[in-house]
Protein chains: 2
Amino acid sequence: MDFPDRIETGMQRTLRYATANGCPPLLAKALRHAVFPGGARIRPRLCLAVAAACGDREPLAADSAAVAIELLHCASLVHDDMPCFDNAMTRRGAPSVHAQFGEEIALLVGDGLIIAAFETVARETQQTPLLTAPLIATIANAVGSPYGLVAGQAWESEPEINITAYHRAKTASLFSGAVSTGAIASGGNPQEWLVLADALGAAYQVADDLYDAVGQSEAGKPAGQDSRNGKPNIVVSIGLEAALGRLKRLVAEAVDSVPDCPGAESFRAMIRNEATRLMPKTLATSAA
Amino acid sequence: MDFPDRIETGMQRTLRYATANGCPPLLAKALRHAVFPGGARIRPRLCLAVAAACGDREPLAADSAAVAIELLHCASLVHDDMPCFDNAMTRRGAPSVHAQFGEEIALLVGDGLIIAAFETVARETQQTPLLTAPLIATIANAVGSPYGLVAGQAWESEPEINITAYHRAKTASLFSGAVSTGAIASGGNPQEWLVLADALGAAYQVADDLYDAVGQSEAGKPAGQDSRNGKPNIVVSIGLEAALGRLKRLVAEAVDSVPDCPGAESFRAMIRNEATRLMPKTLATSAA
């Protein structure tokens, strides 16, 4: 199976467990709505690509980490869309979870997906028990407090925002988690992949800001939402041309930093390809 | 160390990690507010008591499970208190997290505590890797969808509520998780403890309903809140005397179902003692 198939198969299996017979019907519907159809699944593909580059030694463990990371990404979108944060009524061209199912269910869907993420890794690594704790600790670090997604979102409630810490926690941390868990699942050394993870995380942040400035983002949020919500956006700070230049430099840095490993060359090709996908279509030709 | 010391030491350690240098200050304050000072810590004490009854073979693993279960209980209180659910302004005699820090931070505190719970088990079981996955899977089952706390809360959003599934998911599941993880951490067989877990979970549900009817609950919610929120309450359904009778029968059932194990006798004594603590003080003498 290719990466997208492995990811969707894993997501389907986890959702079958989470919505099994006896689940409150609305919750079951809303859990599926939050996860299917997905966006670009960028983070889990990155996780599997790093695992493959390291030799794909334990594909089940890699799959479980990829699925967990995507579930946590989905959970963060559901909670971030809620009225107390972005109050976004649409997501990926459909109603957001709270818009369709109410705030109560949206809150519970986020909680349920976070729990399902860790449960998936525990369930799928029973045959590779030495991987369970490192994978879960790495994923928790990427999404929790003090340095993960939760902390990133919490910076928005501070009277003075630490921009570097904010971007690192809110965006780069989950890319880092995807890269690190991919390496861990294949017996690679996650330290060797940290520069790449940071560069890709920063590149994605720039790409997301570009999308916000010019149109639909990968995550399907409407254009201009950052400014409306008073959030920092690099295109607003340094302009479109400079932002595009930074994105190109970050992608080049990511390509250069791929460590020696069995699949290094095809991994580099994937990043270059991914960089084009990352960019808003209207900008892709000018940046290529 | 006795159980309460082990629990508080473990909670403090986990909160030190979650609020380490670099954490957004409000989030750090709110995470601590949600966890300290604690309530009766009934569930983690139960977890450690079962671990002790089974020989306390891996005390660090048992401690991590106990801490995780209490963190998840705290997370559920923070989210349940939010405006879209109970809209409770106080908790344990202090302002609830959303009342003191706002809805955004309350949502993130709940998320952060859920993540910290699984992170704690992963971190503290690195020396006992065969326990990591079973503990995390068991805990996730107790709090997630379709049968744990999240599902329990979601039943309140259904047009028709399945009362048995509701109580089992909302209250009994976390008692079950506490008992099962205590057994797992000591190499015991969690199946042998299921009857006890169910009886204690049901007993606690009755006790909580009694508190709601006559005064302050263990979790510090104001009297009469269930009726105001249209939630099922057994005292309203069958009356005070019958509810007290049911509580006594459930405690006796729990005592009778303690399996053969090294610490069975002291465990039985603990349940009898706990049953008195469970009951509102004004009722304890009449029920003893």
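Per chain, numbering begins at 1; letters A, B, ... match sequence-line order.
Most heavy-atom pairs under 4.5 Å with chain A, from the set B/L108, B/I136, B/L26: that is B/L108. If you tally non-hydrogen atom pairs under 4.5 Å between each of B/P25, B/G148, B/G112 and chain A, the highest count goes to B/P25. In terms of non-hydrogen atom pairs under 4.5 Å with chain A, the most contact-rich of B/P134, B/G22, B/A30, B/A140 is B/A140.
Of the two parts of A/A165, neither the backbone nor the side chain holds a non-hydrogen atom closer than 4.5 Å to a non-hydrogen atom of chain B. Of the two parts of A/A151, the backbone and the side chain both hold a non-hydrogen atom closer than 4.5 Å to a non-hydrogen atom of chain B. B/L31 touches chain A through its side chain: at least one heavy atom from C-beta onward sits under 4.5 Å away, while N, CA, C and O do not.
Contact detail for B/A154 and A/P24: the closest heavy-atom pair is CB-CG, 4.0 Å. Scanning all heavy atoms of the two residues, the minimum distance from A/I114 to B/I114 falls at CG2-CG2, 3.8 Å. The nearest pair of heavy atoms linking A/C84 to B/L107 is SG-CD1, 3.9 Å.
With contacts defined as side-chain heavy-atom distances shorter than 4.5 Å, the pair A/F118/B/I139 does not qualify.
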Chain B and chain A: which donor-acceptor pairs fall below 3.5 Å?
| unit_1 | atom_1 | unit_2 | atom_2 | d |
| --- | --- | --- | --- | --- |
| B/A18 | O | A/S145 | OG | 2.6 |
| B/N21 | O | A/Y147 | OH | 2.7 |
| B/L26 | N | A/E158 | OE2 | 2.7 |
| B/H79 | ND1 | A/D111 | OD1 | 3.3 |
| B/H79 | ND1 | A/D111 | OD2 | 2.7 |
| B/D111 | OD1 | A/H79 | ND1 | 3.3 |
| B/D111 | OD2 | A/H79 | ND1 | 2.7 |
| B/S145 | OG | A/A18 | O | 2.6 |
| B/Y147 | OH | A/N21 | O | 2.7 |
| B/E158 | OE2 | A/L26 | N | 2.8 |

